[in-house]
Asker: 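To start, I am sharing the structure in question, which I have written as structure tokens.
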Amino acid sequence: MTEEKKSLNFLEHIVEEDLANGMNPKDLRFRFPPEPNGYLHIGHTKAIGISFGLGLTYDAPVNLRFDDTNPAKEEQEYVDAIKKDISWLGYQWDKECYSSDYFQQLYDWTIMLIKEGKAYVDSQSSEKIAEQKGTTTEPGINSPFRDRSVEENLDLFNRMKAGEFDEGAHVVRAKIDMEDPNMLMRDPLMYRILKKSHHRTGDEWCIYPMYDWTHGESDYIENISHSLCSLEFKPHRKLYDWFLDQIYDNETIRPKQREFARLNLSYTIMSKRKLLRLVNDGIVKGWDDPRMPTISGLRRRGYTPASIRKFVETVGVAKRENVIDVSLLEFCVREDLNKTAPRVMAVLDPVKLVITNYPDNEEEWLEAENNPEDERAGSREIPFSKELYIEREDFKEEAGRKYFRLTLGKEVRLKNAFIIKGESVIKDDEGNVIEIQCTYDPKSKSGSGTEESKRNVKGTLHWVSIKHAIKAEIRLYDRLFNDEAPDSHKEKDFMDFINPSSLNVITGYVEPSLKEVDLLEQFQFQRLGYFNVDPDSKSDSLVFNKTVGLRDTWAKVKPVSNKQANNGNKPQPNKQREVLAIDEIKRAGKKYTNLPEEKREALKIKILEAAKKVEIDELVSLYATAAKKIGTRIVVTLALGVVLETKNINPDKEAMDFLLKGKEDANELLSKEAQILASKYNIR
């Protein structure tokens with residue numbers, strides 16, 4: 001490690017210092033200690049990566065210990081899920097341990113502390129105990145039961161264990177100092193009565209040790225050298241050490257608690273209690289819903305272990321709390337899938353395309369490269385025929401010079417196939433295009449080497465042969481919350497920020513090579529994004545989840561700084577800051593109605609320009625903007641008009657509802673802009 005000291009994080013420096021001071025490298029042992037009261041989420045990956053990463057760095061064992069001291073909230077289901085997630089991430093633990101294995105030892109040590117006058121049974125209510133704790137500026141008050149005799153305390157504690165008392169009748173507290181400036185030292189609880197069946201010990205115990213009393217002692221029993229935990233446990237360190245002082249034997253390893261900043265992610269909830277609420281309230285379809293930040297949810301959505309490990313590595317180990325933009329996580333999975341995911345063709349919003357000069361009953365199989373990033377991936381054959389599906393947004397009857405997709409009178413190339421030219425369209429009674437008629441150049445086949453095949457055309461479209469296409473359910477996922485920090489509003493519930501458009505289920509068509517796929521297998525749908533096979537899939541009904549789009553949004557935002565990441569000289573994505581177009585529009589909304597007319601018109605021009613770089617799904621989440629945020633609603637209306645025009649798409653029901661509501665608004669600016677757009681698309 002000496003050659004790498006310049007790039008060590010502060011936890012590695014601590015280990016290095018201990019080794020330099022004479023610690024035997026063979027005595028190093030780390031642990032990851034989850035509570036089995038929920039599924040692991042993306043925030044846990046940092047703690048997992050740190051502990052198991054140190055184990056790999058120093059060739060030291062790492063325990064997986066379940067701190068299972070609260071039977072009211074813990075289940076075997078969570079234990080199994082946690083083990084599965086850690087293994088999937090690519091880590092292997094040395095010993096599988098449970099705090100419940102140490103219940104008898106903890107009980108015996110508590111008897112010892114009572115005999116030494118360092119613990120007592122308190123018979124007050126929890127409310128009374130809390131009241132006597134004092135405040136950060138006022139000392140606490142001793143319990144009236146603090147000076148019970150050793151004999152009475154032992155008798156009560158044994159009767160608590162025997163089940164003679166109801167829950168809440170008694171607790172055991174450490175006798176430390178009710179005037180200590182650290183409120184955790186003011187006679188903390190060690191045991192409470194819980195008449196609940198434990199997932200491992202059954203009904204053997206009806207008293208259960210508190211977390212603070214259990215955690216450090218479990219580390220001690222397991223010979224953990226470095227007990228690494230998140231920053232919220234820093235105030236607990238003094239109590240951690242006090243409990244160890246009472247039982248420490250100089251002949252054994254004494255654990256050292258040290259803290260690091262936990263991982264916070266934008267647009268995400270990290271509380272297991274609140275994630276459970278999302279599950280119980282039916283907002284999501286379970287802990288592994290692809291919108292959840294759980295590891296199981298990320299796995300189902302198509303994230304890879306390598307991408308998550310890369311994300312944790314890039315974030316680094318910090319001493320101060322910070323919020324990481326979710327775009328970095330998306331950047332990491334996009335980079336990984338770009339190297340590994342096979343390219344296939346799928347059409348999600350189909351419009352029929354007929355090649356009029358192609359023989360009616362003919363079909364041919366064309367060669368397509370599986371992954372240009374991986375020479376070993378080889379190629380496959382895809383069928384081509386007279387009638388195809390292309391994306392509806394890939395065609396306009398008339399278009400400007402900067403439109404490089406299909407339009408009447410101009411040529412584009414069909415990916416891996418031929419050059420075609422738009423000739424005419426067929427419309428339904430409402431004027432919607434239902435069929436595009438084209439001609440093709442039979443000598444322009446991709447890779448044929450002919451002069452015609454080398455002809456330069458600016459646009460390339462993906463497609464599927466209608467005759468051979470497989471219908472599939474496509475689940476398009478967006479962020480579960482509209483707000484960047486849904487858990488940070490004191491006067492609002494985080495549920496107020498649920499994104500109503502976080503899931504959009506559509507029917508698409510995929511090429512026939514996907515007829516036989518494995519569950520969770522990942523693909524790049526060309527020009528659309530990365531998708532994987534959902535476990536709901538069956539052989540006759542495929543279901544795909546959208547993992548992430550092709551667009552690299554992370555490159556356009558400020559990366560994690562070295563101060564945030566504390567990550568040495570590791571390269572960060574794109575050091576230059578460039579504001580995302582959608583963020584520019586949001587900022588404009590905050591001041592739009594407060595400007596004089598001249599400046600407002602100038603800002604309007606900037607909004608319309610920025611909207612050209614925005615995707616429709618970036619606007620959807622803003623439709624639900626509160627009525628009082630009139631400026632935001634106006635700029636979203638302006639941006640919506642540009643996006644519909646540049647993408648050549650029609651407003652869907654959500655957009656229509658948003659515009660109808662805007663038309664009826666009392667604000668003249670909003671009403672006017674909404675009326676103009678509604679009239680253009682005949683929305684009434």
Side-chain angles (χ1 to χ4, degrees), residues 266-267 393 396 398-400 402-403 431 478-479 481-486 488-489 491-492 496-502 504 553 556-557 578-684:
S266 65
Y267 297 95
E393 70 170 17
K396 282 185 180 182
E398 299 178 3
K402 293 185 178 180
Y403 185 78
D478 196 359
R479 292 170 181 169
F481 296 98
N482 289 327
D483 191 84
E484 187 173 3
S488 65
H489 304 269
E491 298 179 358
K492 287 189 176 183
D496 293 341
F497 302 101
I498 293 290
N499 178 7
S501 303
S502 62
N504 183 23
T553 55
K556 295 185 178 181
V557 296
E578 181 180 346
V579 178
L580 282 173
I582 189 65
D583 291 333
E584 188 175 346
I585 290 170
K586 290 178 184 177
R587 293 178 187 178
K590 294 179 181 179
K591 57 184 177 180
Y592 191 85
T593 55
N594 299 324
L595 296 174
E597 184 176 356
E598 182 178 347
K599 290 187 177 181
R600 190 165 60 239
E601 286 300 312
L603 181 59
K604 182 176 179 179
I605 294 172
K606 292 183 178 180
I607 293 167
L608 297 177
E609 189 62 30
K612 294 177 182 178
K613 304 175 184 177
V614 169
E615 300 294 334
I616 188 68
D617 57 0
E618 293 179 287
L619 293 178
V620 172
S621 63
L622 298 176
Y623 293 166
T625 300
K628 65 180 181 180
K629 296 183 178 179
I630 196 70
T632 299
R633 294 168 65 205
I634 294 171
V635 300
V636 171
T637 304
L638 293 170
L640 179 60
V642 174
V643 174
L644 293 174
E645 175 65 23
T646 57
K647 305 298 181 185
N648 193 29
I649 54 178
N650 291 317
D652 58 11
K653 186 178 184 304
E654 287 178 315
M656 290 181 184
D657 291 342
F658 172 72
L659 292 174
L660 287 173
K661 189 175 180 180
K663 281 175 59 179
E664 299 169 0
D665 197 277
N667 184 279
E668 292 183 2
L669 289 174
L670 175 58
S671 178
K672 177 183 176 182
E673 297 296 348
Q675 176 65 51
I676 293 172
L677 197 53
S679 298
K680 180 177 180 179
Y681 290 96
N682 199 27
I683 300 171
R684 299 175 182 174

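Just so it is clear, the values below take in all heavy atoms, side chains as well, and ignore hydrogens, waters and symmetry mates. On a predicted model such as this, the values are computed, not experimentally measured, just so you know. Position 1 is the first residue of the sequence, and the numbers go up from there.
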Asker: At their closest point, which heavy atom of Phe481 faces which heavy atom of Tyr267, and how far apart are they?
Answerer: O-CD2, 3.5 Å

Asker: So, taking the atom named CD in Glu673 and the one named CG in Leu659, what distance separates them when rounded to the nearest 0.5 Å?
Answerer: 11.0 Å

Asker: Please assess Phe497 against Lys492 for the test side chain to side chain contact (heavy atoms under 4.5 Å, CB included), listing each intermediate value before the final yes or no.
Answerer: CA-CA 9 Å; Phe497 302 101; Lys492 287 189 176 183; 3.7 Å; yes

Asker: Under a 4.5 Å cut-off applied to non-hydrogen side-chain atoms, are Glu618 and Ile585 in contact?
Answerer: no

Asker: Do Ser621 and Asn499 pass the side chain to side chain contact (heavy atoms under 4.5 Å, CB included) test, and can you show the C-alpha distance, the side-chain angles, and the key distance before you say yes or no?
Answerer: CA-CA 6 Å; Ser621 63; Asn499 178 7; 4.1 Å; yes

Asker: To the nearest 0.5 Å, how far apart are CD in Glu484 and CG in Asp583?
Answerer: 8.0 Å

Asker: If every non-hydrogen atom of Val635 is compared with every non-hydrogen atom of Ala588, which pair is closest and at what distance?
Answerer: CG1-C, 4.2 Å

Asker: Ignoring hydrogens, what is the shortest heavy-atom contact between Ile683 and Pro651? Give both atom names and the distance.
Answerer: CD1-CG, 3.8 Å

Asker: Quick check for you: to the nearest 0.5 Å, what is the distance between Lys613 atom NZ and Ile582 atom CD1?
Answerer: 13.0 Å

Asker: Checking side-chain contact (heavy atoms from CB on, under 4.5 Å) between Tyr592 and each of Ile630, Leu670, Leu638, which is the one that passes?
Answerer: Leu638

Asker: Between the side chains of Ser671 and Gln675, is a donor N or O closer than 3.5 angstrom to an acceptor N or O?
Answerer: no

Asker: In Å, rounded to the nearest 0.5 Å, how long is the span from CD of Glu668 to CD1 of Ile634?
Answerer: 10.5 Å

Asker: Around atom NZ of Lys396, are there more than 12 heavy atoms of other residues, nucleotides or ligands at under 6.0 Å?
Answerer: yes

Asker: Nearest heavy-atom pair of Thr637 and Leu677: which atoms, and what distance?
Answerer: O-CD2, 3.6 Å

Asker: Might you point out which heavy atoms bring Gly662 and Ala674 nearest each other, and give the distance in Å?
Answerer: C-CB, 3.6 Å

Asker: Can you check side-chain hydrogen bond (donor to acceptor under 3.5 Å, both in side chains) on Asp483 and His489, steps first, answer last?
Answerer: CA-CA 10 Å; Asp483 191 84; His489 304 269; 3.0 Å; yes

Asker: Can you check side chain to side chain contact (heavy atoms under 4.5 Å, CB included) on Lys680 and Glu645, steps first, answer last?
Answerer: CA-CA 11 Å; Lys680 180 177 180 179; Glu645 175 65 23; 3.2 Å; yes

Asker: In the structure I gave you, are the side-chain heavy atoms of Leu619 and Phe658 within less than 4.5 Å of one another anywhere?
Answerer: no

Asker: Output the distance between atom CG (Leu644) and atom CG (Asp652), rounded to the nearest 0.5 Å.
Answerer: 8.5 Å

Asker: If you look at every heavy atom in Arg633 and Ala627, which pair is closest and at what distance?
Answerer: NH1-O, 3.2 Å

Asker: Take Asp478 and Val620 through the test side chain to side chain contact (heavy atoms under 4.5 Å, CB included) and record every step on the way to the result.
Answerer: CA-CA 10 Å; Asp478 196 359; Val620 172; 5.5 Å; no

Asker: Quick one: which of Leu580, Thr632, Leu622 gives a side-chain contact (heavy atoms from CB on, under 4.5 Å) with Lys586?
Answerer: Leu622

Asker: Would you please test Asp657 and Lys653 for salt bridge (Lys or Arg N to Asp or Glu O under 4.0 Å) and show each step?
Answerer: CA-CA 6 Å; Asp657 291 342; Lys653 186 178 184 304; 2.9 Å; yes

